[in-house]
Structures are given as C-alpha cells and as structure tokens.
A.B. asks: 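Please find one structure pasted underneath; my questions will follow.
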Amino acid sequence: MSNDQSQPLISETNKHSLDQRLESPQRPSKFPKVNDDAGNDVVEGEEQKESVTRTMNPNPRLQRYLIAIEYIGTRFAGAQQQPNCRTVVGVLQEAFQKFIGQPVSVFCSSRTDAGVHALSNVCHVDVERISKRKPGDVLPPHEPLVVKRAVNHFLQKNEGDIMVIDVRCVPADFHARYKAQERTYFYRLLSGPESVSSFERDRAWHVPENLDLLAMQKACNILIGRHDFSSFRAAACQANSPIRTLDELNVIEVVSTPFFPSISERLKSSCVMEDPTVSLGSDTNHSQISLNTNEEKLEGSNGEACQEFGLRRRHRCFVVTARARSFLYHQVRLLVGVLKSVGAGDLIDPDVKRILEAKSITAAPPMAPACGLYLGHVKYDLPPETNQS
C-alpha cells in the first residue's frame, strides 16, 4: 500500500475519545500553581482562574454546593483522598453517597496535612437529586439546610470527628479552591512545665519554657509583608516562586481551653451579681486576672503560697494568627517555629532578620508540629444567594 493510501494515524473513534478527554470538566489544562501551608494549589492570575472555572460543571441538572466543615485533624491522614487511608474528603464523599444514593466528588479549598485541624475548611460538591420512586426523574435541588442536616446525620454515625457547619448554593463555575481570596490559620501553643492535660492532647504544641509575649510580637513585625520566604518553605514545596505577602502575623495570649473558673474567680463574679456597683476594674485588668490565675493558692505554715491538692496548674496559652492569600508548603509551621524560639529566648530580632535574608530553610529552627495548627477561615467574594424552588 502506498503512503497516499495509508490509514490515518488516529481513527475517528480514537479521535472522539481524545476530544472527550481534552474537553472533560475534570481535566482542566495545566497552569502555574502555588502552594499554601497545607500543600494547596492556588492558581496565579485572574485569566488562568477564569479559564479553569469555565470548564467546571457543564451539566445543568447538577446543583453545586459550597460546604464549610470542621474536623479534628489528628483523626485523619490529611484532607486529600488517599488509598487505604481515612481522609476528610473520603469520609465526606461516603456521607454524601449515603444521603443521595450515588457517588460524588468533593473538592477542598485547602488540602490540610495529617494532624492539622480545621475550624472551617471549605469544599464544593455537585449533587443531582434523582427521584427514588422514579429513578429517571430529576427533582429540584435540596435546600442547603437539608443538605447540612442529612450529611451531618451520616457523619455523626461514624466517628463524630468531622461536621458540616455551613452550606450554600453557588453557581456551577464556583470553585472552592480557585475562588478563595484569603486564608487564615491559627496556631495554639501551651507554655509551662506541667504535662499537657488529656483534654488538650493533640490540640496544641506544648512548650515547657515560659514564652515572652512581647518578644514574639516584635518578631512578627519583621516577618509581615511581602518577602522571599525561602527560609520558611519546605523542601517538598512545588510553588513556582517563594515570594509571598503575609498580610497578618500576630501573637496574643488567651485563656486556655477548656476553661473552668477558680474559686477566686467565682467569688469575684458573685460579688458583681450581688452588688452591681462593685467594679472589677477595667476590661484589660479583668482579662489579665483571667489569664494569670493559674491555680488556687493557699497560705502555708511558713506564710508562702502553695498549690491546693488535686487542682491542675493552667498553662499559659498563646495563639499565632497568620493570614495571606496563599502560603508556601509548611510556611505557617516554620514561622511558628521561629516565633517560639524567640519567645523562649533562643533567638532575638537580628536572628529573625538573618533567617529571613538567608533564603534557605537550613537557617530556620525546626518547624512546629502539625497538632497545633488550625485552618480558621477561607474568604470568598460570594455571589448573591439565590432561593432554590
């Protein structure tokens, strides 16, 4: 057979299959990405974001829901689905399948690592409501409140370590990951020599040293802003650039939780209730009393204060807040590692500047463990909410 009469290299069937793969809404074209602290890919550039969202969910019979969830990170092998592991996405997909009777795909805004908690991670999921009596009939979408209650019903039948806290209907092209404008992380540290309470285990980083709050706050001021954060970037980070803008980084001291009032605190409260004219002082002073009343103290025979038997000493509790559009992989935990070293007196302000300017992770102290990190909030510019009939 001559070359002119040879068969085409791609048959019509294969060509059709190839076209389908190229046009599939589940396979957007490649584009530059960056990573947040949990390894979350964030599209760079508005045009690239729009090119992705245009391919999302072309089926008009599907309703896309935005789902906010909270979970205990130490009970999962991470947010992203993995084979033979219990993950946030895997558990959510199972609950949705039990609710609607068919498999779904859940997409998270932030793919948190194993051990990282979430006060509010956000996902989206497409649901087609099909009649159980007449499988061919497609019914109007469920109301968000119905979705929330039904999915939580199945989640609580399991381990009870994950819960849907909010649901909203969004347009078919709204993507939980690519539409996120800002992410806020919190990190909890417990300071003090006492062992960690069973109620706090795996919920914070226990630091035996007494931390200097003012020193940590000053160090935050050095790190806020737009910098090359190569010194705060894990080796596995796949971001194209180490340049990030840290919009907020601060440390405050808060009352450790769970909090139960001491005898002296209860007496002060009772005095106020009995006589409203009795003042505990300014709000600032009252807050300071709550933070520093670590235990009930009795006066011993030698006149010195002593700890009453059977009462646990409270730790000092510090919360680090980090807010930015996106983070490098492990950036928040590496930042906390530096702040802890400053608070413990191992580093001072010039050391923080040196670490930042070194642009190498080898210059930074060890990063903080995952158990103290919480994804606190993912911010969106949400469209007006539409009522579903």
Side-chain angles (χ1 to χ4, degrees), residues 70-75 115 117-120 160-161 163 165 184-220 250-321 336 339-345 368-374 376:
E70 65 179 15
Y71 51 84
I72 301 171
T74 47
R75 307 281 181 84
H117 313 289
L119 304 176
S120 179
D161 45 19
M163 179 178 286
I165 60 173
T184 301
Y185 283 92
F186 300 110
Y187 197 99
R188 296 183 69 237
L189 300 101
L190 297 178
S191 170
E194 292 289 319
S195 59
V196 176
S197 165
S198 301
F199 299 103
E200 289 279 18
R201 191 169 301 281
D202 294 331
R203 302 292 193 275
W205 181 16
H206 176 224
V207 178
E209 301 93 338
N210 185 29
L211 299 180
D212 185 334
L213 177 60
L214 183 59
M216 292 190 290
Q217 290 173 335
K218 289 181 178 179
C220 288
N250 66 54
V251 189
I252 64 171
E253 186 172 1
V254 300
V255 176
S256 60
T257 55
F259 172 78
F260 303 102
S262 64
I263 293 175
S264 59
E265 288 164 337
R266 298 197 299 272
L267 288 174
K268 290 171 187 173
S269 177
S270 298
C271 290
V272 173
M273 288 188 294
E274 292 173 2
D275 185 358
T277 62
V278 175
S279 174
L280 292 178
S282 67
D283 291 341
T284 302
N285 291 338
H286 182 251
S287 174
Q288 196 66 29
I289 290 172
S290 297
L291 293 175
N292 293 336
T293 307
N294 290 333
E295 66 272 337
E296 294 296 340
K297 292 183 178 180
L298 302 176
E299 187 175 305
S301 56
N302 57 0
E304 295 182 356
C306 60
Q307 172 73 19
E308 184 175 353
F309 176 77
L311 294 178
R312 168 182 282 277
R313 287 182 174 87
R314 298 179 195 162
H315 291 92
R316 296 181 68 190
C317 183
F318 301 91
V319 174
V320 179
T321 302
V336 174
L339 294 178
K340 176 265 180 186
S341 295
V342 171
C371 63
L373 184 61
Y374 296 74

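Since this is a predicted model, take the numbers as computed values, not measurements.
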A.B. asks: Would F259 and R314 count as a side-chain contact (heavy atoms from CB on, under 4.5 Å) if you check the C-alpha gap in whole Å, the side-chain angles of each, and the deciding distance to 0.1 Å?
C.D. replies: CA-CA 9 Å; F259 172 78; R314 298 179 195 162; 3.1 Å; yes

A.B. asks: Test E70 against L119 for side-chain contact (heavy atoms from CB on, under 4.5 Å), laying out the working first.
C.D. replies: CA-CA 5 Å; E70 65 179 15; L119 304 176; 5.6 Å; no

A.B. asks: Compare every heavy atom of C220 with every heavy atom of V251, then report the nearest pair and how far apart it is.
C.D. replies: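 Smallest interatomic distance, heavy atoms only, reads CG2-SG, 3.7 Å.
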
A.B. asks: Under 3.5 Å, is there a donor-acceptor pair between the side chain of Y374 and the main chain of R203?
C.D. replies: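 Pair found, side chain donor or acceptor close to backbone of R203.
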
A.B. asks: Checking D202 now: which residues fulfil side-chain contact (heavy atoms from CB on, under 4.5 Å) with it, not counting sequence neighbours?
C.D. replies: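 Testing D202 for side-chain contact (heavy atoms from CB on, under 4.5 Å), a comparison that skips the adjacent residues, returns T74.
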
A.B. asks: Would you say F318 and L339 make side-chain contact, with heavy atoms under 4.5 Å?
C.D. replies: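 They are not in side-chain contact.
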
A.B. asks: Can you list, pair by pair, the side-chain donor-acceptor contacts under 3.5 Å of residues 189-198, counting residues two or more places apart and other chains?
C.D. replies:
| from | atom 1 | to | atom 2 | distance (Å) |
| --- | --- | --- | --- | --- |
| S191 | OG | E209 | O | 2.6 |
| S191 | OG | L211 | N | 3.3 |
| S197 | OG | F199 | N | 3.1 |

A.B. asks: Just how far is it from atom NE2 of H117 to atom OH of Y71, taken to the nearest 0.5 Å?
C.D. replies: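 Answer for the NE2-OH pair, H117 versus Y71, is 10.5 Å.
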
A.B. asks: Nearest 0.5 Å please: distance from the CD1 atom of I252 over to the CD atom of Q217.
C.D. replies: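 Rounded to the nearest 0.5 Å, the CD1-CD separation comes to 9.0 Å.
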
A.B. asks: Test your reading of the model: is there a side-chain donor-acceptor pair from R316 to the backbone of N210, 3.5 Å cut-off?
C.D. replies: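 Checking the backbone N and O of N210 against the side chain of R316, no donor-acceptor pair under 3.5 Å is found.
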
A.B. asks: Please enumerate all residues that pass ring pair (Phe, Tyr, Trp, His ring centres under 6.0 Å) together with Y187, with sequence neighbours excluded.
C.D. replies: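 For Y187 there are no ring pair (Phe, Tyr, Trp, His ring centres under 6.0 Å) partners, ignoring immediate neighbours.
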
A.B. asks: Looking at G376 and S120, what are the two nearest heavy atoms and their distance?
C.D. replies: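 Of all heavy-atom pairs spanning G376 and S120, the closest is O-CB, 3.5 Å.
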
A.B. asks: How long is the gap from CG on L373 to CZ on R188, to the nearest 0.5 Å?
C.D. replies: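 Rounded to the nearest 0.5 Å, the CG-CZ separation comes out at 12.5 Å.
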
